[in-house]
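Numbers here simply count residues along the sequence, with the first being 1. Indexing begins at 1, ligand by ligand and atom by atom, following the structure's order. Any value given below was found using the heavy atoms of this structure, including those in side chains, with hydrogens, waters and symmetry copies removed.
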Amino acid sequence: MIPRRSVAFPLIVGLLITLATVSARSATPGPGSTTLLSPSPLDGLTYTNVFFPKSDPDPAIPTPKALLGFDIGDRAVSSAEIETTFKAWSAIATNRTRLFEYARSHEGRPLHTFLITSPLHFARLDAIQTGLARLADPRGLADADAAALVESLPAVAWLGYCIHGDETEGSDAALAVAHYLLADRTPETTKLLEDLVVIIDPVQNPDGRDRFLKMVAEHRGTSPNVDQQSLLHAGYWPRGRVNHYLFDLNRDWIFATQPETRGRLREVAQWNPQLFVDVHGMSGEDTYLFSPPREPLNRHLPANRTQWGRVFARDQARAFDANGWLYYTGEWNENWYPGYSDSWSVFRGAVGVLYEVASIAEDGVRHADGRIQSFRESVHQHVVSSMANLRTLQVNARTRIREFAAERRANLAPEGPFARRTWAVPPSSNRTRLAGFVDTLRIQGVEIHQLTAPFTAPIGIDQLGRSLTNHVLPAGTLLIANRQPVAPLVAALLDFDPRMTDASLEDERREVLRTGASRIYDITSWNLTLFHGLEAFVLPQDLPSDARLLGELPPPPAPPTVDHPVAWVIDGADDASVALAARLMERGVIVRTADRAFQLDSREFARGSIIITVLDHRRFAGDLAATIRGAAAELQLTAVPVSTGLGEDDLPDLGGQHFRRLEPPRIAVVGRGRVSTNDFGTVWHLLDQHLGIRHSHMNDDAGTPEFPRYNVLVLPDRSDALPAAWREPLETWVKAGGTLIGIQGAAGDLASRTHEMTKVRPLPEVLGKLPDYEQMVFREWLAQIGPMPASSDVWTNRVPRTSKLPWPISGESPKEDELKKRDAWNVLFMPQGAILAARVDPKHWLTFGAGPILPVLAGQQAVLMSGADVETPVRFGVLTPSLNPPEPVKKPEASENEVASKTPEPPRAGWSALPEGFDLQLRMSGLLWPEAGQRLANSAAVTRESLGRGQVILFAGSPTFRAATRGTARLLANAIVYGPGLGTATTVKP
Ligand SMILES: [Zn+2]
């Protein structure tokens, strides 16, 4: 077999012999075959498959065939074969190529860039990098020096292939393009490399690619297969699109949670490319798509990029026309979400180009019209596209560099489009969360400042869009000025609430009405402060004068010295405290957690803090203090020894009821079958990478697992009902003390069941019983903000003359069928991922680490109704005093709202009334149609209820979206780690 990595060049010759025996599909049929039963559907294709008919290749550069033993297009190359090939070339063409390992995947595969340019440029690569970096950050750069750089630097083209592992053609095309650029001796190619530095990223997701190629190999038969539905082409769960933790890397650019992305972000920043190409595949029965995208376009994308898109598209189209190939632009391809490869690169100053080929695993695919497209032809289309793009950049190289420099200057201009806007993030006792936020920005090249003294901001706007005056920001507040080198990226990441154009909005609305489906391709909001659950403000000003550049975040404070501690406490405000609790329990330590805030030794600790008492460990084998200190240090936490168990004043004492002993979690997560790969992956990532605790993966497709081995079972989002055979054993298991956690589709499924695992119900099922649910909403409000009855009304001997009901009474209540009609209408408008404000029960253990308002990403999910018999620690909507007194009811113009607001009913938020004088705030960021707001307002975001000795916890939407929603991920972490100790009466024994 071919070694996976570290193949030194002298080995190559030996390898050639080995590789030659790994011959192509066309030469050696599949498993055990002798004769084909029928003629190959690929026979007689007139397609010639010559990628570069006019090239004059240097024989000193070995062809891919010489290195691999088969031709590009015979079958997809593995990531090891790609590495071997590039290593061979870089060892030969040392005067013009450089192979650079920029990251390792989770599974340990290297990710490389392969740079090709002229020997002249190659000799001064450092100077080129430095020159582009000077233009990228022109502070202190004289105009004349900038002009000289613009005239002397080559443009940089970045070609990224196969970020989705099962869209294989790109990596094969990358090899063909690289060989051509390296070997071709024609003047055109020589000139191209004198004008450009070309950086090829041949396989952006090697784990996904190799997983998919294994599936292809498993399903390879004796005869070629051209049926796209076949497993040979389709693969199976979790397919190859995603990386090891099943993340879509073409969404990760703005969150940078994956090592592949993180390495790439650093490497792109080294080169400041002027062209950034991301090469994909789509349905094998489609034609070919390339940029420019259609609206909605992110409003922070530089305005001229559509024009550039057309310039590149024109040349690409001409090259396709010459081959008679069909293609299209726009259609489904929009650019609202900034975390795609191509859009992210544009925020940094590149022209971003996306293409999508008819994706074919191998052999070919038969289209509906009978035409067969071969794998080789799809590879060829990418080759032609890449070369067309390089030539377009070559022609426009000077213009693009000049424009890159001018844009970066404008980003910094005191009166420029990004001037006078700064985001402020106050200090947080959640150091881990804050550090994650800082890291996410910094790895994308964003500068962060910090206040050295309190600062009063004359004007500001909070995350709910409310204006503030003279708001005092404490020392230590993080400041992110929009006016900085990567200003458009900063704006895209931090703008609380980007708005689409009216035309886009209208287009989307009409599409939903006409077809019942959204045209928006991804989530509509992603703000990093909201995703992190960090409070933030935007100030209409540049940085205050006493802001200084943020250095390293200070380490956690050193613990005090205590001679004879009775316990150690780790503050629960920090997210990492959950991981610490879990890891200590795995090491045999008995861990307690506090259900409310307390003070010991005059130190304040948040609710959810972790306590380890000396008394609990009289029989602990080992050095308890060292074990605690070591685990805390791993997570950058301070374990504070305390000398007394006596709490200050009325606050809890250590021996009382508020420090419950936790039960070590034994965790299983259900995957495969109809489980969402992305959601499963983020739960797995949370358990592995954030909590670092052992857990098992269950197979949804197999028989019923032996549930009592676990005491926590996580059901990630899914597209259908749970296996029927699981219902009874699962219910028995919960009743015996299990903690069952259902997310999104699984939550909807559990809630809609006829059997009684939960009393939560989806909205459509309870439209006839709304008053039951509305009462609970009123009880929560009255308990929180409601007026107390006058004491004279309480102590009076007479019955008061008037009694107030908490909810207004309307003349006519709509009937159930009318409500059902309204709901069926409203469900059309459910969001494509918008961030909503949710109110938090500050006394519930599931909300440890959350403030009073939690930003929650909501999408196409069940609307969960929870009444008095269900705990609802997080509910959608935050009460706020009405800004405007009630207006006289106007007759609405003919609109779809007319049905819902025909009678002048008292103010309502969806299915429930509002307390007088208050509004409900819901939308924080992203597109939320009023109809969807009506459905979601006051519904449950997170529920918990007991069942027998166990419990059921439901998350209406995914709490761990792309591992980026750190605010809600904390709640899932709480559920998993603390569930068995806090929510259950006893525990399931293995
Ligand atoms: Zn793709």
- Atoms of type N/O/S from protein, distance to the Zn ion (ligand 1) below 2.8 Å: 4

- Query: How long is the gap from OH on Y161 to CZ on R209, to the nearest 0.5 Å?
  - Reply: 12.5 Å

- Hits for ring pair (Phe, Tyr, Trp, His ring centres under 6.0 Å) against W308, two or more places apart or cross-chain, chain-then-number order -> none

- Item | Distance-only donor-acceptor check, side chains R391 and Q394, under 3.5 Å | no

- Task: Apply ring pair (Phe, Tyr, Trp, His ring centres under 6.0 Å) to F114 and list each qualifying residue two or more places apart in sequence or on a separate chain.
- Result: F86

- Residues at least two apart in sequence or cross-chain that pass salt bridge (charged side-chain N to carboxylate O under 4.0 Å, His left out) with D248, listed by chain then number, are R241, R251

- Query: Counting heavy atoms not belonging to R442, are there more than 12 under 6.0 Å from its CZ?
  - Reply: yes

